[in-house]
Amino acid sequence: MTHVLLVRLAAPLQSWGVASRFSYRDTHSRPTKSAVIGLCAAALGRDRTDSVEDLAQLVFGVRADQPGTPVRDYHSVGAGKYPLRPRDVITDHRRATAVAKSMETADGPSFGHHELAGWYGAPKKIAADPVSGTLVSGELSRAAMITERWYLSDAAFLVGLQHDQLAPLQEIAHALEHPKQLLWLGRKNCPPSGTLAAGIVTGTIAEAFAGTRLLPTPEALEGPDAAGRRPWAWVQAPPGGRGASPINDQPISFDPARRTHATRWETRTRVTIAPTATKWDIIL
């Protein structure tokens, strides 16, 4: 006999990065197993260097009740002009030399009215200056830094975590509602809304998804079940199984020094909600 912990993941913004690097931060169309296991580990109070082998053994599935809308957050940082401050001149003799002439011939206050074009922004190639010994940027001229971040807006997902034993799921469910660390849906600026632990049922993930109504929303507390909508679901499957496809989000270690993931397999299917499906009684 198996048991399934249902987890509600809903918020104004979510972001489930797959290949996020530096200036470009993407998001998957749904929560990844790695992210959900990390969420559970944080709720349990585990450090990033702690083992997650027991949590990684959970069978994972996710149902997209509200897929959400992709939203791009565009940033441009640096490369503009900014009035020099005393510390800018004191800590970097190169700036002092560049602005010396204009400061000597200027009338009025010495600071707040002198600018250097193209130096404002995040410093790069920090090293000790051979003249002063002060840590300075190796590039006095700083180009603009363009960053792009993607989110899912107004999405709601139902996650299933399956295990043969009931006790581990009960421990995770309690931790999600009484977390020992801050929780977020993929990124730190995406806190979850309302209830996370949505109950434990007996059976498989596929049975749990079919036997549970679509997640309610503030606009439609009963969900859009009446319209007969069949949401997509992705459920972990044995390697190489019929209709299964690989995905590289099986967590091995969250240690920042050796973060590691492996490949797992999953199937993608439409879920038909049973007429007798369980209604929701949760905090939105």
Side-chain angles (χ1 to χ4, degrees), residues 1-9 14 16-19 28-65 157-186 192 195-212 232-269 271:
M1 180 181 297
T2 59
H3 308 275
V4 178
L5 167 62
L6 297 175
V7 182
R8 171 184 174 272
L9 300 180
Q14 306 182 32
W16 309 101
V18 178
H28 205 345
S29 61
R30 60 191 185 274
T32 61
K33 181 177 182 179
S34 176
V36 173
I37 295 302
L39 183 80
C40 296
L44 292 165
R46 299 190 187 183
D47 190 78
R48 286 181 178 271
T49 57
D50 293 339
S51 172
V52 291
E53 182 178 358
D54 57 330
L55 298 177
Q57 292 176 356
L58 296 168
V59 179
F60 174 80
V62 56
R63 192 181 76 184
D65 289 10
F157 299 96
L158 183 65
V159 165
L161 298 175
Q162 180 180 312
H163 198 278
D164 294 337
Q165 302 296 320
L166 182 60
L169 298 180
Q170 291 175 328
E171 182 183 9
I172 295 172
H174 181 270
L176 289 173
E177 294 304 315
H178 306 83
K180 295 182 180 180
Q181 299 180 27
L182 294 177
L183 305 181
W184 49 80
L185 304 188
T195 301
L196 276 78
I200 299 175
V201 298
T202 301
T204 64
I205 292 177
E207 293 169 344
F209 283 171
T212 306
W232 284 107
W234 295 261
V235 180
Q236 187 169 340
R242 182 178 180 181
S245 57
I247 181 170
N248 190 45
D249 71 346
Q250 176 71 21
I252 302 298
S253 173
F254 291 127
D255 188 338
R258 52 183 184 88
R259 188 179 290 112
T260 311
H261 295 83
T263 300
R264 66 179 181 87
W265 294 74
E266 65 179 11
T267 57
R268 177 175 179 259
T269 57
V271 177

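Both backbone and side-chain heavy atoms feed into the values below; hydrogens, waters and symmetry mates do not. Numbers here simply count residues along the sequence, with the first being 1.
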Verdict with supporting geometry, Val36 and Val62, side-chain contact (heavy atoms from CB on, under 4.5 Å): CA-CA 10 Å; Val36 173; Val62 56; over 6 Å; no

Shortest non-hydrogen contact between Lys180 and Leu44, atoms and distance: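 Closest approach of Lys180 to Leu44, heavy atoms only: CD-O, 3.5 Å.
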
Distance, nearest 0.5 Å, that separates OG1 of Thr202 from CG of Leu166: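 Thr202 atom OG1 to Leu166 atom CG measures 7.5 Å (nearest 0.5 Å).
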
side-chain contact (heavy atoms from CB on, under 4.5 Å) evaluation trace for Phe209 with Leu6: CA-CA 9 Å; Phe209 283 171; Leu6 297 175; 4.3 Å; yes

Atom of Leu169, atom of Val4 and distance for their closest heavy-atom approach: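 Here Leu169 and Val4 meet closest at CD1-N, 4.0 Å.
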
Between CG on residue Asp164 and OG1 on residue Thr2, distance to nearest 0.5 Å: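 Reported to 0.5 Å precision, the distance equals 6.5 Å.
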
Where Pro31 and Phe60 come nearest, the two heavy atoms and their spacing: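 It is O-CZ, 3.8 Å.
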
Euclidean distance, Ile247 CD1 relative to His261 NE2, rounded to 0.5 Å: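 Output value for this atom pair is 10.5 Å.
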
Residue pair Arg63 / Thr212, side-chain heavy-atom distance below 4.5 Å: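 Yes. Closest side-chain heavy atoms under 4.5 Å.
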
Spatial distance of atom CZ (Arg259) from atom CZ (Arg48) [nearest 0.5 Å]: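 Those atoms lie 6.0 Å apart.
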
Thr32 backbone acceptor or donor facing Ser34 side chain under 3.5 Å: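 Side chain of Ser34 to backbone of Thr32, a donor-acceptor pair under 3.5 Å: no, none is there.
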
Leu39 CG to Leu183 CG distance, which is reported to the nearest 0.5 Å: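 If I round to the nearest 0.5 Å, the distance is 5.0 Å.
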
Heavy-atom pair with the smallest gap, counting every atom of Asp47 and Gln181: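 Minimum heavy-atom separation between Asp47 and Gln181: N-NE2, 4.4 Å.
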
More than 12 heavy atoms of other groups within 6.0 Å of Glu53 CD: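 Counting neighbours around CD of Glu53, 12 or fewer heavy atoms of other residues, nucleotides or ligands fall under 6.0 Å, so no.
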
Cation-pi, Trp16 ring and Arg30 (6.0 angstrom, 45 degrees):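 Negative - Arg30 is either too far from the ring of Trp16 or too far off its axis.
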
side-chain contact (heavy atoms from CB on, under 4.5 Å) between Val59 and Thr204, worked out: CA-CA 9 Å; Val59 179; Thr204 64; over 6 Å; no

Among Ile37, Leu55, Val7, side-chain contact (heavy atoms from CB on, under 4.5 Å) partner for Ile172: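 The residue from Ile37, Leu55, Val7 that satisfies side-chain contact (heavy atoms from CB on, under 4.5 Å) with Ile172 turns out to be Leu55.
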
Contact summary for Val201 and Ala208, nearest pair of heavy atoms: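 Here Val201 and Ala208 meet closest at CG2-CB, 3.6 Å.
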
Point-to-point distance, once rounded to the nearest 0.5 Å, from CG of Leu161 to CD1 of Ile205: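 Answer rounded to 0.5 Å: 7.0 Å.
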
Parallel, tilted or perpendicular, as decided by the 30° and 60° cut-offs, for the rings of Trp234 and Trp232: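 The rings of Trp232 and Trp234 sit tilted, inter-plane angle from 30° to 60°.
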
Gln250 side chain to Arg264 backbone, donor-acceptor under 3.5 Å: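 Pair absent, no side-chain N/O of Gln250 close to backbone of Arg264.
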
side-chain contact (heavy atoms from CB on, under 4.5 Å) evaluation trace for Arg8 with Leu196: CA-CA 5 Å; Arg8 171 184 174 272; Leu196 276 78; 5.8 Å; no

Nearest heavy-atom neighbours spanning Trp265 and Pro238: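 Answer, listing the atom of Trp265 first, then Pro238: CB-O, 3.9 Å.
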
Sidechain-backbone polar pair: Glu177 side chain, Ala197 backbone, donor-acceptor under 3.5 Å: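 Present.
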
